[in-house]
Amino acid sequence: MTYNPLDTNFVPFLQNWKTSVGFTVFGLILWPIVTIIFESHYVPMGVLTVISVLSIGFMVAGIIYAAVIYPSLFTERPKAKSAKAISFANAFFGGLIFGLCWNSNLTKRSKGVAHSVFIVLEIVAILMIFAVSYLAGSSDYI
């Protein structure tokens with residue numbers, strides 16, 4: 001038999017995949033805490049600038065995870081191999097909707113399109129941060 005990249009039966013990592021519920025829950029608990037901190041507007045302006053940069057950094061990290069690491073899980077050489085770490089990262093970067101969808105897709109051995117949708121929405125959100133800051137006429141928000 002020859003390797004077919006579309007046939008996930010050839011991917012040993014997925015054959016033994018089992019979502020770590022505990023680490024998924026931990027990621028789902030930590031995700032809103034980080035999100036609330038990054039979206040807090042009740043802080044001094046200097047701190048708000050730092051939080052805005054960290055927020056964009058968190059969004060970029062999510063994009064990198066969804067564009068590089070998650071798709072690699074469906075290949076012969078996944079970039080991560082720990083079900084606990086992956087379950088956590090799916091929930092932490094993807095949140096309630098995308099994180100659970102990614103874990104479900106791994107269980108079904110189907111990549112799906114959720115990671116692509118996530119990437120597009122994150123890019124739009126980053127662009128909106130810059131657009132709103134520009135339209136507000138102040139660079140103090142970025």
Side-chain angles (χ1 to χ4, degrees), residues 1-43 45 47-142:
M1 296 174 93
T2 59
Y3 173 69
N4 176 356
L6 299 177
D7 185 0
T8 56
N9 292 322
F10 284 100
V11 182
F13 172 74
L14 289 179
Q15 289 176 349
N16 300 320
W17 172 259
K18 182 163 175 33
T19 299
S20 172
V21 176
F23 278 83
T24 299
V25 170
F26 181 55
L28 288 174
I29 290 170
L30 200 55
W31 171 73
I33 293 170
V34 170
T35 304
I36 288 169
I37 290 170
F38 286 157
E39 293 182 4
S40 174
H41 298 289
Y42 303 105
V43 293
M45 191 55 69
V47 176
L48 182 60
T49 302
V50 171
I51 289 175
S52 295
V53 169
L54 291 175
S55 177
I56 291 170
F58 180 68
M59 295 167 88
V60 169
I63 290 169
I64 291 169
Y65 178 80
V68 177
I69 297 172
Y70 176 78
S72 81
L73 302 176
F74 297 89
T75 67
E76 284 185 313
R77 294 188 179 137
K79 299 210 182 292
K81 294 183 180 175
S82 165
K84 291 177 181 177
I86 293 165
S87 295
F88 171 79
N90 284 345
F92 183 66
F93 290 116
L96 187 60
I97 296 171
F98 291 102
L100 296 181
C101 183
W102 292 340
N103 278 342
S104 174
N105 286 345
L106 286 167
T107 301
K108 293 187 278 187
R109 297 184 179 113
S110 169
K111 190 183 331 181
V113 297
H115 65 291
S116 299
V117 173
F118 175 83
I119 292 167
V120 169
L121 291 176
E122 288 291 273
I123 290 171
V124 167
I126 290 170
L127 292 174
M128 287 179 66
I129 290 170
F130 288 112
V132 167
S133 297
Y134 177 76
L135 293 174
S138 173
S139 63
D140 293 334
Y141 293 107
I142 321 182

Atom pair CD1/CD1 of Ile63 and Ile126 - distance to nearest 0.5 Å: 4.0 Å
Could you pull out all residues at least two apart from Trp31 that satisfy ring pair (Phe, Tyr, Trp, His ring centres under 6.0 Å)? none
Aromatic ring proximity, centroids under 6.0 angstrom, Phe58 and Phe92: yes
Smallest separation among heavy atoms of Phe74 and Arg109, with atom names: CE2-C, 4.0 Å
With sequence neighbours left out, the residues meeting side chain to side chain donor-acceptor pair (under 3.5 Å) with Thr24 are Asn103
Calculate, to the nearest 0.5 Å, the distance between atoms NE2 and CZ belonging to His115 and Phe93 respectively. 16.0 Å
Hey, mind stepping through Ile97 and Phe118 against side chain to side chain contact (heavy atoms under 4.5 Å, CB included) and telling me if it holds? CA-CA 10 Å; Ile97 296 171; Phe118 175 83; over 6 Å; no
Roughly how far, to the nearest 0.5 Å, is the OH atom of Tyr70 from the CG atom of Asn90? 7.0 Å
Roughly how far apart are Leu121 CG and Met59 CE, rounded to 0.5 Å? 9.5 Å
Check: Leu106 and Thr19 side chains under 4.5 Å, non-hydrogen atoms: no
Would you call Leu73 and Trp17 a side-chain contact if the rule is heavy atoms closer than 4.5 Å? no
Closest heavy-atom contact between Pro71 and Ala66? CD-O, 3.2 Å
Name the orientation class of the two ring planes belonging to Tyr65 and Trp102 (parallel below 30°, tilted from 30 to 60°, perpendicular beyond 60°). tilted
Interatomic distance, OG@Ser87 vs NZ@Lys18, rounded to 0.5 Å, equals 9.5 Å
Out of curiosity, Asn105 CG to Leu100 CG, how far, rounded to the nearest 0.5 Å? 11.0 Å
